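Letters A, B, ... are given to chains in the order of the sequence lines, protein chains preceding strands, and every chain is numbered from 1. Just so it is clear, the model here is predicted, and its values are computed rather than measured.
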Amino acid sequence: MMLSTARWWWSTNERRRMLRIRTIEAPAYVGQRVHLGGWMHSWRDMGQFGFLVLRDGAGTFQAVLDNQEEMAKLRGLQYESVLDVEGLIAAEPRAAVGAEMHDCHIEVLSPVLEPLPFEVNKKELKPGLDTFLDYAPLGLRHLQKRALFRISAELMAGYREYLMQQGFVEIQTPKIVGAATEGGANVFVLDYFGRPAYLAQSPQFYKQMMVGVFERVFEVGPVFRAEKHNTARHTNEYVSLDLEMGFINDHTDVMNMLTGVLRHMFGRVTDKCAREVALLKLRIPSIGDTIPAIRMPAAQQIIFERYKEDCRGEPDLSPQHEVWLSQYAEKELGSEFLFVTHYPTGKRPFYAMADDEEPALTKSFDLLFRGCEVVTGGQRIHRYDQLVQNADKWGIKPEQIDGYLQAFKYGMPPHGGFGMGLERLLMQLTGHTNLREVTLFPRDLDRLAP
RNA sequence: GGGGACGUGGUGCAGCGGCCCAGCAUACAUCCCUGUCAAGGAUGAGACCGCGGGUUCGAAUCCCGUCGUCCCCGCCA
């Protein structure tokens with residue numbers, strides 16, 4: 001249950017100290033005079049009296065005003081004005097939560113005088129994405145919108161909670177880096193006291209180095225991709241839930257850890273976000289002991305047989321392929337999740353461990369969730385000479401990745417890990433179709449503010 | 001980087017050659033209402049139909065350009 005946030009509050013109305021409580025705690029204070037502080041969510045003037053719904057960081061609560069003097073204080077105020085309302089919490093069966101505030105005294109803490117650009121107190125948020133993002137500080141106050149980010153917070157909390165139980169240590173790796181050698185995505189270049197530096201596109205190298213220190217590490221942090229992609233499932237900055245773990249047998253150990261942490265994260269959302277889940281009408285997926293896994297070539301064979309498109313031998317899956325495979329997994333395997341394993345060597349970074357029996361394939365995996373890729377991971381090469389050799393094959397000179405190689409030179413255990421896109425996960429969980437809708441302040445091709 | 005749509009009061013939409021000096025919902029203003037909870041009712045204000053050219057007797061509507069937005073693909077989380 002949520003901790004009480006009740007605090008003593010100096011009332012300028014009453015010239016005395018009174019308890020300020022949060023709206024969701026209010027029903028527990030029936031019979032007491034308290035303060036509620038919050039935003040004017042709605043105001044329904046019925047003539048002789050009116051209903052004021054106050055919204056705070058936790059929820060909403062209704063106050064009934066039947067005093068013309070108090071009602072007059074709301075004249076000229078727009079919604080979202082910040083009010084302190086002092087009054088008596090009374091049991092009232094006609095109120096939505098069985099209680100409401102009576103005998104209210106209002107103090108206007110911060111008046112809003114200009115009409116809002118759009119309504120934030122309606123059931124659904126109306127404006128288009130661009131308009132919404134222009135007014136994100138306001139729009140994010142919408143109950144559905146903020147429910148989304150409360151769930152996001154619990155996903156992160158669940159991620160941390162589970163991994164710490166599993167002996168992982170949380171780390172923060174640098175986001176300003178001196179070399180951009182991982183390949184794949186483009187990196188942002190910045191001026192570092194006259195030298196070029198880059199925004200980290202992944203904590204990959206650093207979390208691997210830290211396996212040499214703690215064996216098991218994880219990080220929750222931003223990553224930056226300078227790709228000029230313009231799609232509904234890409235942004236240029238996102239939150240990556242990373243982990244890396246030592247002493248594994250192969251990539252399936254990492255997949256099992258991922259399965260466990262996801263199950264825990266969803267469990268935590270179910271426990272802690274019941275109101276948000278109900279508000280958004282979410283269906284939280286259940287995860288059994290294991291998530292089904294299918295090898296890349298077999299996946300392509302299924303696409304060929306069931307959907308009549310021949311992508312066999314292609315190095316990667318297209319978004320359409322991922323949708324099809326998810327459909328297949330749901331129908332035939334009863335799972336909204338599906339691991340696709342053994343991506344070809346050429347499609348994966350130089351540190352990816354090749355499969356023993358089929359060296360053209362890697363011990364790697366992607367996790368598909370309701371049709372979209374949300375995680376990529378695998379086993380890494382841990383032998384120094386092999387890593388140097390492979391880097392060379394990818395055209396990377398050892399001196400470029402000096403610090404990284406050092407970890408391996410001085411002994412690294414077999415290890416692996418993954419990176420999970422927080423917003424991607426949230427998007428799929430909440431049924432949104434544009435990543436920007438589930439990113440607090442998205443950064444994309446042409447949006448840098450707010 | 002390639003392809004496809006769409007720009008109409010604050011917001012979200014309708015209208016797609018003359019019935020439109022532009023309609024609806026909501027927001028906003030004034031008023032009515034003693035149980036609202038997407039409150040209801042009355043009245044009112046608010047848009048030179050993204051911008052610039054052109055076609056036409058006549059353009060929100062057709063054409064060209066331009067800017068902006070959205071979507072799909074490449075790439076990826």
### Query
For A:Q68, does the CD atom sit with more than 12 other heavy atoms under 6.0 Å from it, leaving out its own atoms?
yes
### Task
Name the pairing partner of B:U11, where a pair is Watson-Crick or G-U wobble with both distances under 3.5 Å, or state none.
B:A25
### Task
Could you tell me whether A:E100 contacts a base, only the sugar-phosphate backbone, or nothing, with contacts defined as non-hydrogen atoms closer than 4.0 Å?
base
### Query
When rounded to the nearest 0.5 angstrom, what distance separates CD in A:E276 from CD in A:E154?
8.5 Å
#### Entry: Donor-acceptor pair under 3.5 Å, A:R424 side chain vs B:C76 base
yes
#### Entry: A:M420 CE - B:C76 P separation (whole Å)
20 Å
#### Entry: Side-chain-base donor-acceptor pair under 3.5 Å for A:E119 and B:G10
yes
### Query
Can you find a side chain N or O atom of A:N434 that sits less than 4.0 Å from OP1 or OP2 on B:C71?
yes
### Query
Under 4.0 Å: is that the gap between some side-chain N or O of A:K347 and OP1 or OP2 of B:C76?
yes
### Task
Mind telling me whether A:Y404 and A:F205 have parallel, tilted or perpendicular rings, with 30° and 60° as the class edges?
parallel
### Task
Show your reasoning for whether side-chain contact (heavy atoms from CB on, under 4.5 Å) applies to A:V64 and A:L52.
CA-CA 6 Å; A:V64 179; A:L52 170 68; over 6 Å; no
### Message
What I want to check is whether an N or O donor and acceptor connect the side chain of A:H234 with the base of B:C76 at under 3.5 Å.
### Response
yes
